[in-house]
Number of protein chains: 2
Amino acid sequence: MVTIVDVAKHAGVAPSTVSYVLTGKRPISAQTSVRVRESIQSLGYHPHAGARALASSRTNVLALVLPLREGVQLPVVMRFVTSVVSTAREQDMDVLLMTAAQGADGLRRVAGGAGADGFLLMDVGLDDERVQVVRELDRPAVLIGHPAAAAGLTCVDLDFEAAGARCVEHLAGLGHRSIGFLGAPGVVYARNTGYAQRTLAGFSTAAMRRGVVSTALPAEPRYASVHAVVRTLLRELPQMSALVVHNEAVLGWVVECLRAEGRRVPDDVTLMAICPDELAERMRLTCVRLPADVLGRCAVELLVAKLNGQQTPALTLLPPELSSRTGRAFPSGIPGKLIP
Amino acid sequence: MVTIVDVAKHAGVAPSTVSYVLTGKRPISAQTSVRVRESIQSLGYHPHAGARALASSRTNVLALVLPLREGVQLPVVMRFVTSVVSTAREQDMDVLLMTAAQGADGLRRVAGGAGADGFLLMDVGLDDERVQVVRELDRPAVLIGHPAAAAGLTCVDLDFEAAGARCVEHLAGLGHRSIGFLGAPGVVYARNTGYAQRTLAGFSTAAMRRGVVSTALPAEPRYASVHAVVRTLLRELPQMSALVVHNEAVLGWVVECLRAEGRRVPDDVTLMAICPDELAERMRLTCVRLPADVLGRCAVELLVAKLNGQQTPALTLLPPELSSRTGRAFPSGIPGKLIP
DNA sequence: CTGAAAGCGCTAACAA
DNA sequence: TTGTTAGCGCTTTCAG
């Protein structure tokens, strides 16, 4: 194994000098720096992560805790993960993967054993035991999403309330006076971190403010449920000319259900969604983006800032962004002309 | 911070004794063991991962390299990841997450810097630069899937050839004499690790053997493509009474396309798939399972065996398993009675 | 069955 | 601008 001493000898300098070249923690003359770097190259030296962690009490590892339970939006999680890993690498950090199943003990073990410098927790529930644990840990953490009991924690999230409102503004601006809202499954409005509630609140408030008639209903991820919800919406809002969908899983079915009820998209009903941009792109739908990649980057950068002892805002809300498209949607991606 | 010395003092033993209690690498009297464990508990001691790695040259970390590029089957990846993490924890290991994007340099860095004891590589391509790198590394690796140039490597995979054959056997056993095959997108048959080709080969060979008429076609993840493929299949095989789908993304559309061509499922055409069991379950379809969880567990166990210096088979092929269901499929999960 | 002590490879004072 | 050196916390020989 190549050690820092080997490199030092090869370059004719002291081990500490090699260390300082690598960390940049003190000025090194250009010549020395170059010579050392060359030695590192030609010897194929890689600093021993454990030794480094031991001596510096910095692991350069961040722990990412994912909610890999059922019902989670996989595409969103994956984009987030990719973004976290690449941003971490930019900061010369590696990513330790944990699952929510490892629970509070897992956090304590990794923090206590110096397995990571900090934590990124995704999808923390309202009454999650980990919230308390994270507070007691001596390591910084960033939560994605913001549970109600988030005081004293650093959270980053899409501004879902603004996102809900943004939909109404957009549609009202187009002249719509009667707008439906098809939301997440009922349980989500209970169990979750509250993003669903916040979206709905933003939507409803904006509708009031703009004098728009609106009705909101949750939808289960079954066709029958979606169909029933669409029917109910049309009964409650006979003049409904626009529909906001905050439920990725059923988005593809909504167009078919509307059609089944004699409404064409976008001729009779303007459809828009709150979802990842790729999904909306595939369906040619206008949407408010769910920016998983920005969230990931942002979360890592906040964590790194905390690691460097900087102050960070308790809550970072990403402003919603609108992606405008024709709205000539395909049901499940099916071109209209192929429908019998 | 609580160190091993603190624990040793608290328990009235030598530090080495504490270490041996933890690692079990030499016999310890029951009394001592209990006393030490109590001290560990009451002090909340967690061994320092870096120090341990430095002293033992074992990190107890395995690196998982994921293909987070577009076009990958997210549900499969996620089940695999969950399984890897939990199996790793059973073996007292943590998981370092890497992406294929980190490439060969990433592998060299982590291996050289003692960031992990071994590697799990998912979805390695035929001409992947990492195959060569993995060979040169001094750390063991397990590949999920098996590239042609896999000699000398340890691979684990579903036996896709047997899976393709299993479909034919099942259908031929039911009396079908004319069977279609709707495969992955065309590019997959070129670029990938070969699982697609192997499935097809298994299917075709079995069809020959059983004297079954068959035709196979690739399908792109667009409705129009699927529809075209279905039409072509029906033209080539006018008597087609069964269809095997090896393409998760379009599975939902196939039923609709068949219907559009006047064929009902399962009355006129028996549909079966090679896909994760949950998907087939949701669609009420018979399938050959894509056992991501078993693969994950198996891969970790193989890696751990290698770490312990045990010999491992070069190739572990999991036998395909059939999940039988009614086959009364929902197109995109839509109950038939709701179709106009 | 248990202790003492020598490193593992690196960083960060302290010196120059 | 650079060198010297004392640990970081643990494992593992070597002794007992």
Side-chain angles (χ1 to χ4, degrees), chain A residues 1-37 39-40 43-61 92 109-117 138 307, chain B residues 1-37 39-40 43-61 92 109-117 138 307:
Chain A
M1 195 208 181
V2 185
T3 76
I4 202 171
V5 176
D6 300 324
V7 176
K9 280 183 185 146
H10 187 273
V13 298
S16 59
T17 302
V18 177
S19 175
Y20 286 121
V21 168
L22 252 17
T23 60
K25 289 191 180 170
R26 85 179 179 192
I28 297 284
S29 76
Q31 306 175 28
T32 315
S33 179
V34 168
R35 248 202 354 276
V36 168
R37 277 175 215 289
S39 299
I40 289 177
L43 296 182
Y45 168 70
H46 295 278
H48 189 291
R52 193 171 247 192
L54 183 55
S56 67
S57 47
R58 269 271 218 162
T59 62
N60 273 29
V61 169
D92 198 36
R109 182 181 60 83
V110 171
D117 295 328
D138 51 337
L307 285 171
Chain B
M1 196 210 182
V2 185
T3 77
I4 202 172
V5 176
D6 301 325
V7 177
K9 280 183 186 148
H10 188 272
V13 297
S16 57
T17 301
V18 177
S19 175
Y20 286 120
V21 167
L22 252 17
T23 61
K25 288 189 181 170
R26 85 177 180 192
I28 296 284
S29 77
Q31 305 177 29
T32 315
S33 179
V34 167
R35 252 210 339 282
V36 169
R37 277 176 213 291
S39 299
I40 289 176
L43 296 182
Y45 168 69
H46 295 278
H48 188 289
R52 191 169 250 193
L54 183 55
S56 67
S57 47
R58 270 273 219 161
T59 62
N60 273 28
V61 169
D92 198 35
R109 182 182 60 82
V110 172
D117 294 328
D138 53 335
L307 285 171

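Below, chains carry the letters A, B, ... as their sequence lines are ordered, and counting in each starts from 1. Every value quoted in this text rests on a predicted model; they were computed, and no experiment measured them.
Residue-to-nucleotide proximity on DNA chain C shows that, of B/A51 and B/S33, the 5′-proximal contact is made by B/S33.
In this structure a side-chain-to-backbone donor-acceptor pair under 3.5 Å is present from A/N60 to A/D92.
Against DNA chain D, the stretch residues 13-25 of chain A makes heavy-atom approaches under 4.0 Å through A/V13, A/A14, A/S16, A/T17.
Residue B/G12 is classed as a sugar-phosphate contact, given heavy-atom separations below 4.0 Å to backbone atoms only. Among the heavy atoms of the strands lying under 4.0 Å from A/T32 are primed sugar atoms or P, OP1, OP2 only; no base atom is included.
Put simply, CG on B/L54 is 12 Å from P on D/dT12, counting in whole angstrom units. Put simply, CZ on A/R52 is 18 Å from C1' on D/dG7, counting in whole angstrom units. When the C1' atom of C/dC10 is taken as reference, atom NE2 of A/H46 falls 16 Å away, rounded to whole Å. As rounded to whole Å, 14 Å separates atom P of D/dG3 from atom NZ of A/K9. Between the P atom of C/dC1 and the CZ atom of B/R35 lies a distance of 15 Å, rounded to the nearest Å. In this structure, the NE2 atom of B/H48 is 7 Å from the P atom of D/dG9, given to the nearest Å. Distance A/I28 CD1 to C/dT11 C1': 13 Å, rounded to the nearest Å. A/M1 places its CE atom 12 Å from the P atom of C/dC8, with the value rounded to the nearest Å.
Between D/dT11 and B/S57, no contact under 4.0 Å exists linking OP1 or OP2 to a side-chain N or O.
To the nearest 0.5 Å, the span separating NZ on B/K9 from OG1 on B/T3 amounts to 7.5 Å. From A/T17, atom OG1 reaches atom CD1 of A/I4 across 9.0 Å, with rounding to the nearest 0.5 Å. Taking OG1 of B/T23 as the start and CZ of B/R58 as the end, the distance is 12.0 Å to the nearest 0.5 Å. With rounding to the nearest 0.5 Å, the separation of CG in B/D117 from OG in B/S56 is 8.0 Å.
Between the side chains of B/R35 and B/S39, no donor N or O sits under 3.5 Å from an acceptor N or O.
In the set C/dA12, D/dG9, C/dC1, the nucleotide with an atom closest to the side chain of B/P27 is C/dC1. Closest to the side chain of B/S56, out of C/dA12, D/dC10, D/dT12, is D/dT12. Between C/dT2, D/dG9, C/dC10, one nucleotide has an atom nearer to the side chain of B/S29 than all others, and that is C/dT2.
In this structure, B/L22 and B/I40 have side chains that are in contact, with non-hydrogen atoms separated by less than 4.5 Å.
If you check distances only, the side chain of B/R26 does reach the base of C/dG3 with a donor-acceptor pair under 3.5 Å.
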